[in-house]
Q: 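First the structure, which I've put down as structure tokens, then a few questions once you've had a look.
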There are 2 protein chains.
Amino acid sequence: MKPLSIDQIKDLFHEHGLRTTRQRELIYTLLHQSHDHPTAEELFQAARVQDSGLSLATVYNTLDVLVESRLARKLTPAGGGSSRFDADLSDHAHLATTDGKFVDIPEDLSRELVDRIGPDLVGRIESRMGVKVDAVTVSLVVAGLPGH
Amino acid sequence: MKPLSIDQIKDLFHEHGLRTTRQRELIYTLLHQSHDHPTAEELFQAARVQDSGLSLATVYNTLDVLVESRLARKLTPAGGGSSRFDADLSDHAHLATTDGKFVDIPEDLSRELVDRIGPDLVGRIESRMGVKVDAVTVSLVVAGLPGH
DNA sequence: TTAGATGCAAATGTTTTGCATCCCC
DNA sequence: GGGGATGCAAAACATTTGCATCTAA
């Protein structure tokens, strides 16, 4: 993801009703830049290099807030272990590895997956079951990481 | 799910290379009968009624074994909280509620979901990404439980 | 007979919380 | 100035593990 300026982050936070703090700015920047999908602990370690006073609880709280305000997505490994986070909110699917990591599925294939499910079918499920579907998640479970 | 006789369970376990113990029999029976998708703790409470000596660790260990030998499936709530378990192995999708529960999507709709994704697309993802896909999971996230 | 299963309790790993202090709006 | 955000430590929660004992095959 292309880097964001401080002003862009301020705007983004403001649009989503969040106060801008030094810690949030840092955590969001690191999350937005990262290509893998870091855990709270990994973000904490990376952030401490630049802000040695940061606490792990703040990382967790901030990630919660980002997820709730739809600036990030939480990825929960099926086998247990630490949750991972993703600042890329475009509709895309993931490969979930059995050791609890996630890899993006390329955009074209992701879109094809999502499109195939389609709003018509989701709509039928909604009316049959009397619910409002908030999000559709597709994940393909694989044994090892691609690229050995 | 229709109830299983003790002999059926013994056979099933034997086919899957598992020893039959009093505890496994009980846990599997309860899981197989249940319509919701119980947590380890819930199964433990239910099982203790019939076997007061049972330990929670055994429930966890047994569920692990059942999942590994493909006699049960583990459902991991995206928002965190206890994992849930399902002895129904037929291809079916779930509604995942934001409070960490799961509800089966009726068979016809489940099949439609699964069919739409299709082996062709999965195959293309496999070759493009150099992986072997083990399982495909679709979950539809809803805010509340259907049926209020 | 013996490899594998269990029970117990303690350990682990992850995430949350209470509360005093701090600082963005 | 005031309400939300942070840091710290402790607590909570889910799950795993070590080890002595038991038991199914």
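Every chain is numbered from 1, with letters handed out A, B, ... down the list of sequences. This is a predicted model, so every value here is computed, not measured.
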Q: The side chain of T62(A) is closest to which nucleotide in this list: dT6(D), dT6(C), dT16(D)?
A: dT6(D)

Q: Give a yes/no on whether any side-chain N or O of T20(B) is located under 4.0 angstrom from OP1 or OP2 of dA24(D).
A: no

Q: Once you round it to whole Å, what is the distance between C1' of dG7(C) and CZ of R22(B)?
A: 11 Å

Q: Can we call the ring centroids of Y28(B) and F13(B) under 6.0 Å apart?
A: yes

Q: Is the phosphate of dA5(C), meaning OP1 or OP2, less than 4.0 Å from a side-chain N or O of T58(B)?
A: no

Q: Which residue is it: V67(B), L75(B), V59(B)? I am looking for the one with a side chain to side chain contact (heavy atoms under 4.5 Å, CB included) to F85(B).
A: V67(B)

Q: Establish, with yes or no, whether the OP1 or OP2 oxygen of dT15(D) is under 4.0 angstrom from a side-chain nitrogen or oxygen of Y60(B).
A: yes

Q: Rounded to whole Å, how long is the line connecting atom CD1 of I27(B) with atom P of dG7(C)?
A: 8 Å

Q: Answer with base, sugar-phosphate or nothing: what part of the nucleic acid does D64(B) contact at a heavy-atom distance below 4.0 Å?
A: sugar-phosphate

Q: Between E42(A) (CD) and dT15(C) (P), how many Å, whole number?
A: 11 Å

Q: Rounded to whole angstrom units, what separation is found between the CG atom of D51(A) and the P atom of dC22(C)?
A: 16 Å

Q: Just one of L66(B), N61(B), V65(B) clears the side chain to side chain contact (heavy atoms under 4.5 Å, CB included) bar with R24(B), so which one?
A: V65(B)

Q: If only side-chain N and O atoms of S83(A) are considered, is one of them under 4.0 Å from the OP1 or OP2 phosphate oxygen of dT14(C)?
A: no

Q: Using the rule that Ile, Leu, Val, Met, Phe, Trp and Tyr join whenever any side-chain heavy atoms are under 4.5 Å apart, tell me whether V114(B) and V122(B) fall into a single cluster.
A: no

Q: By nearest heavy atom, map K10(B) and R19(A) onto DNA chain D; which one lands nearer the 5' end?
A: R19(A)

Q: Any Lys/Arg nitrogen of D115(B) or R116(A) sitting under 4.0 Å from an Asp/Glu carboxylate oxygen of the other?
A: no

Q: Starting at atom CG of L18(B), determine the distance to atom C1' of dT23(D), rounded to an integer number of angstrom.
A: 16 Å

Q: So if you build clusters from Ile, Leu, Val, Met, Phe, Trp, Tyr with side-chain heavy-atom gaps below 4.5 Å, do V141(A) and V136(B) land together?
A: no

Q: Give the rounded distance in Å between these two atoms: NE2 of H16(A) and C1' of dA5(D).
A: 19 Å

Q: Hey, is R22(A) close enough to D51(A) for a salt bridge, meaning N to O under 4.0 Å?
A: yes

Q: Can you spot which of R73(B), H94(B), K74(B) makes a side-chain hydrogen bond (donor to acceptor under 3.5 Å, both in side chains) with D86(B)?
A: H94(B)

Q: Mapping L54(B) and G79(B) onto DNA chain C by nearest heavy atom, which one lands closer to the 5' end?
A: L54(B)

Q: Under 4.0 Å between a side-chain N or O of Q23(A) and OP1 or OP2 of dC23(C)?
A: no

Q: So if I take the C1' atoms of five pairs at each end of the helix from dT1(C)-dA25(D) to dC25(C)-dG1(D) and get each local axis, what angle do the two axes make, rounded to 10 degrees?
A: 50°

Q: When you measure from the side-chain N and O atoms of S55(A) to the phosphate of dT6(D), is any distance below 4.0 Å, counting only OP1 and OP2?
A: no

Q: Calculate the interatomic distance between N61(B) atom CG and dC8(C) atom C1'; express it in whole Å.
A: 12 Å

Q: Counting only distance, no hydrogens or angles, is the base of dA5(D) paired donor-acceptor with the side chain of R24(A) under 3.5 Å?
A: no

Q: How close or far is atom P of dA5(D) from atom CZ of F13(A), stated in whole angstroms?
A: 11 Å

Q: Under 4.0 Å, counting only non-hydrogen atoms across every strand here, what does G53(B) touch: a base, just sugar-phosphate, or nothing?
A: sugar-phosphate

Q: Taking only side-chain nitrogens and oxygens of T21(A), does any of them come within less than 4.0 Å of OP1 or OP2 of dT6(D)?
A: yes

